[in-house]
Amino acid sequence: MAKKIFIGVAWPYVSGDIHIGHLAGYLLPADIFARFHRYIGNDVLMVSGSDCFGTPITVEADKQNTTPEEIVKKYHPKNVELFKKLGISFDLYTKTDTENHKKVVQDFFIKALEREYIFKKKTDQYYSGSEKRFLPDRYVVGTCPRCGYEDARGDQCDNCGSVLHPGELKDAKGNLTGKPVTLKQTEHYFFNWPQLQKFLEKYISKQKKWRPWVMNETKGWLEKGLNARAITRDLDWGVEIPTDRIPEGMRIEGAENKRIYVWFEAVIGYLSASIEWSGKNNKDWKDFWYNEKVEHAYFMGKDNLVFHTLFWPGELHAYDEKIHLPDSLIINQFLNLEGNKFSRSRGITIDSNYIVDAYGLDPVRFYLTLINPENADANFSWADFVGKTNDLLISNLGNFINRTLTLAKGLKFDKGKPDSKLEQEVSEIIAMSKKHLESAEFRKYVESILSLSQLGNKYLSEKEPWFLKEKNAIKFKEIMSNSIFMVLGLLLLVKPLMPESAEKIEKMIGVEIGSWPKKETDYLIKLISEVRVGEVKHLFNKLEDEVIEKERSKIKK
RNA sequence: CCCGGGGUAGAGCAGCCUGGUAGCUCGCAAGGCUCAUAACCUUGAGGUCGUUGGUUCAAAUCCAACCCCCGGAACCA
């Protein structure tokens, strides 16, 4: 019955700053989803890795006066360590500069070429004589030929919105050096997107699990029509073009100075990482890629949308028509910080390492999931973080568990049924949470957890068991048994979201829930009699108001 | 310019597809309770649903125009 679930998580740039926007945007949602599926007994493969190629890496290397290789060496282990600390449960977190990845990309390239989805073409590109290299269009500025705007970019004028072609810009110069650039002919491989238009339209029409705005955006792209795009660039850092495997007539000049470009190559990491994982774990990656019963879910931010809704399915189809295509594309909007965009250079950022060290992993996981930017941009503010942590996580959830365990300390519970109305309500909340987890609606999932602890708090206030402890021990035990039932429900629900806290609860009550049971409430009811409350500790610590000012002052304006 | 998203009480959001004079959480105020991390429970105040028009007996919800914010195959989740 176990289903195979492949989870592809967007690949962060190796030198990038993994801030809480990344966490909220795709890392945490993916992890919760993965934990949930393992929990209910599915066979999960979750992969990602550091994106080692692309301009930002070479720029960073130049800045630090070193090589891209050194940058990868320096930052990749940091990412690995960070994800371990954040509890992001990758089955494999690799990187794109491995031999394996290069080989898979080259195989992929050759196959798409053989299947005639790739053609070659000569174009004019901006060339910087002073730097002796071709510049991406966006690295070129000049005067717009239409409106005269002086800061127009190589491919587009931000002032009048005109799309510009190479050569149209007047007084074109490099935006980093300010030196003039000229046009120079260069030959590249292009991916033939128009050829895939029909296929992709059909593919899109079959998707049912995408968020509405994701579908709309994708349809918008298709309606405009896809254009062929170059998949190689004049670079020296990236996956080499496998010229010796290319038929004579399809070779291009100067291929040794060109590389397969990141947007085509990075997504292939999902496949190459699966292959690497299978080699290391003695498993067959094909079970996850050539299998009717497998489900593929991808997690990323909205900037990555078309690469995954159109380009990756298109590439896969060009590679092999039998390979499994993405099913769920769980794409988030952006997280802002105190109303501003995250920006490392402007100092508007919160380092993931720091916030977890300072405030604990689970409170961060909790809050970022609560405000997950699922359908619209969300905002992280320290005031809200402190408020929600204190008022929801601690006062509502933590407090219910704490007051129940404090009252129930030392009690031995008999086998028996809880209050049937309560059982019904708990059962409904559990079913609701499960549904939200399955459909990747994580905000609603957190809300349903809170509705259970709120139910518990209400129950205790109504029943006032503290009066009965002496007067009516039987009634007292009955009420506490019901409360423990709700604590067990919370334990069940909280696991994918806050694994550390779940473990703490298990320690305190002496009971573990290894896997998500088929009949949840029946199982929980059976567990009640096994509960022995030991030492009770607070799960989370309250945050002082001073935190708000202290942290806000660190964010530069 | 174009494509997509958003604009609903002090804050964060749901409702909009399938019209019927607004809902959730937090905050705030009052009361209750004391097992609990000044927590918990109850009640209440607070909104011309971005603007302007249109359709309709009736619009946050449908239509049109406009304004503001975010993203869009450089970098960036």
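Only a predicted model underlies this, so the values are computations on that prediction, with no experimental measurement involved. Per chain, numbering begins at 1; letters A, B, ... match sequence-line order.
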Measure from the side chain of [X], starting at C-beta and using heavy atoms only, and say which of [options] lies closest.
{"X": "Trp213(A)", "options": "rA74(B), rA77(B), rG4(B)", "value": "rG4(B)"}
{"X": "Trp466(A)", "options": "rC33(B), rC41(B), rA77(B)", "value": "rC33(B)"}
{"X": "Leu407(A)", "options": "rC35(B), rA73(B), rA77(B)", "value": "rC35(B)"}
{"X": "Arg443(A)", "options": "rG12(B), rA77(B), rG5(B)", "value": "rG12(B)"}
{"X": "Tyr261(A)", "options": "rU37(B), rC13(B), rC75(B)", "value": "rC75(B)"}
{"X": "Asn216(A)", "options": "rG4(B), rA73(B), rA77(B)", "value": "rG4(B)"}

Expressed in whole Å, how much space separates the [atom1] atoms belonging to [N] and [M]?
{"N": "rA64(B)", "M": "rC3(B)", "atom1": "P", "answer": "13 Å"}
{"N": "rU25(B)", "M": "rU61(B)", "atom1": "P", "answer": "25 Å"}
{"N": "rU8(B)", "M": "rA60(B)", "atom1": "P", "answer": "15 Å"}
{"N": "rG5(B)", "M": "rA14(B)", "atom1": "P", "answer": "14 Å"}
{"N": "rC49(B)", "M": "rG7(B)", "atom1": "P", "answer": "14 Å"}
{"N": "rA45(B)", "M": "rU37(B)", "atom1": "P", "answer": "33 Å"}
{"N": "rG50(B)", "M": "rA59(B)", "atom1": "P", "answer": "15 Å"}
{"N": "rC57(B)", "M": "rU21(B)", "atom1": "C1'", "answer": "13 Å"}

By the 4.0 Å heavy-atom rule, please label [X] as base, sugar-phosphate, or nothing.
{"X": "Asp384(A)", "result": "nothing"}
{"X": "Leu27(A)", "result": "nothing"}
{"X": "Phe311(A)", "result": "base"}
{"X": "Phe334(A)", "result": "base"}
{"X": "Phe307(A)", "result": "sugar-phosphate"}
{"X": "Phe380(A)", "result": "nothing"}
{"X": "Gly25(A)", "result": "nothing"}
{"X": "Lys458(A)", "result": "sugar-phosphate"}
{"X": "Leu539(A)", "result": "base"}
{"X": "Glu374(A)", "result": "nothing"}
{"X": "Asn390(A)", "result": "nothing"}

Within this structure, what is the [atom1]-to-[atom2] distance between [X] and [N], rounded to whole angstrom?
{"X": "Arg403(A)", "N": "rU37(B)", "atom1": "CZ", "atom2": "P", "answer": "11 Å"}
{"X": "Ile394(A)", "N": "rC26(B)", "atom1": "CD1", "atom2": "C1'", "answer": "14 Å"}
{"X": "Asp391(A)", "N": "rG12(B)", "atom1": "CG", "atom2": "P", "answer": "16 Å"}
{"X": "Leu460(A)", "N": "rU42(B)", "atom1": "CG", "atom2": "P", "answer": "13 Å"}
{"X": "Gln454(A)", "N": "rC24(B)", "atom1": "CD", "atom2": "C1'", "answer": "10 Å"}
{"X": "Gln333(A)", "N": "rG7(B)", "atom1": "CD", "atom2": "P", "answer": "11 Å"}
{"X": "Leu335(A)", "N": "rG71(B)", "atom1": "CG", "atom2": "P", "answer": "13 Å"}
{"X": "Trp11(A)", "N": "rC75(B)", "atom1": "CH2", "atom2": "P", "answer": "17 Å"}

Next item on the list: Look at the rings of Phe442(A) and Phe33(A) and say which category their plane angle falls in: under 30° parallel, 30 to 60° tilted, over 60° perpendicular.
Entry: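 Geometry flag for Phe33(A) against Phe442(A): perpendicular rings.
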Notebook entry, point to check: When the ring planes of Phe307(A) and Trp263(A) are compared, do they come out parallel, tilted or perpendicular, using 30° and 60° as the limits?
Noted result: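 It falls in the tilted class, 30° to 60°.
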Check: Quick one: does Glu315(A)'s side chain get under 4.5 Å of Ile268(A)'s, heavy atoms only?
Finding: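 Glu315(A) vs Ile268(A): side chains touch.
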Margin query: I want to check something: taking the side chain as every heavy atom from C-beta on, are Val47(A) and Ile7(A) in contact at a cut-off of under 4.5 Å?
Written below: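 A side-chain contact is absent here, since even the closest heavy-atom pair is not under 4.5 Å.
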Partner nucleotide of [N] by Watson-Crick or wobble geometry (both distances under 3.5 Å):
{"N": "rG19(B)", "answer": "none"}
{"N": "rU25(B)", "answer": "rA11(B)"}
{"N": "rG71(B)", "answer": "rC3(B)"}
{"N": "rA58(B)", "answer": "none"}
{"N": "rC49(B)", "answer": "none"}

Margin query: Looking at rG5(B), I'd like to know if its phosphate oxygens (OP1 or OP2) sit under 4.0 Å from a side-chain N or O belonging to Asn375(A).
Written below: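 So the side-chain polar atoms of Asn375(A) never come under 4.0 Å of the phosphate oxygens OP1 or OP2 of rG5(B).
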Notebook entry, point to check: Do Tyr270(A) and Tyr298(A) have ring centroids that are under 6.0 Å from one another?
Noted result: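 Aromatic pair counts; centres sit under 6.0 Å.
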Note to self: Using ring centroids (six-membered ring only for Trp), state whether Tyr367(A) and Phe380(A) fall under 6.0 Å.
What the structure shows: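 Close enough - the centres of the two rings lie under 6.0 Å apart.
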Checklist line | Of Ser453(A) and Leu392(A), the one whose closest RNA chain B nucleotide lies more 5' | finding: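 Per heavy-atom nearest nucleotide, the more 5' residue is Leu392(A).
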Next item on the list: With RNA chain B as reference, determine whether Phe467(A) or Met300(A) sits nearer its 5' end, using the nearest nucleotide of each.
Entry: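 Final value for this comparison: Phe467(A).
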Margin query: Checking side-chain contact (heavy atoms from CB on, under 4.5 Å) between Thr186(A) and each of Thr123(A), Asp124(A), Thr232(A), which is the one that passes?
Written below: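 Filter result, single survivor: Thr123(A).
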Check: Is a salt bridge present between Asp234(A) and Arg259(A), judged by a nitrogen-to-oxygen distance below 4.0 Å?
Finding: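 No, no charged N to carboxylate O under 4.0 Å.
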Margin query: Check Asp236(A) with Lys258(A), please: is the shortest side-chain N to carboxylate O separation under 4.0 Å?
Written below: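 Salt bridge absent between Lys258(A) and Asp236(A).
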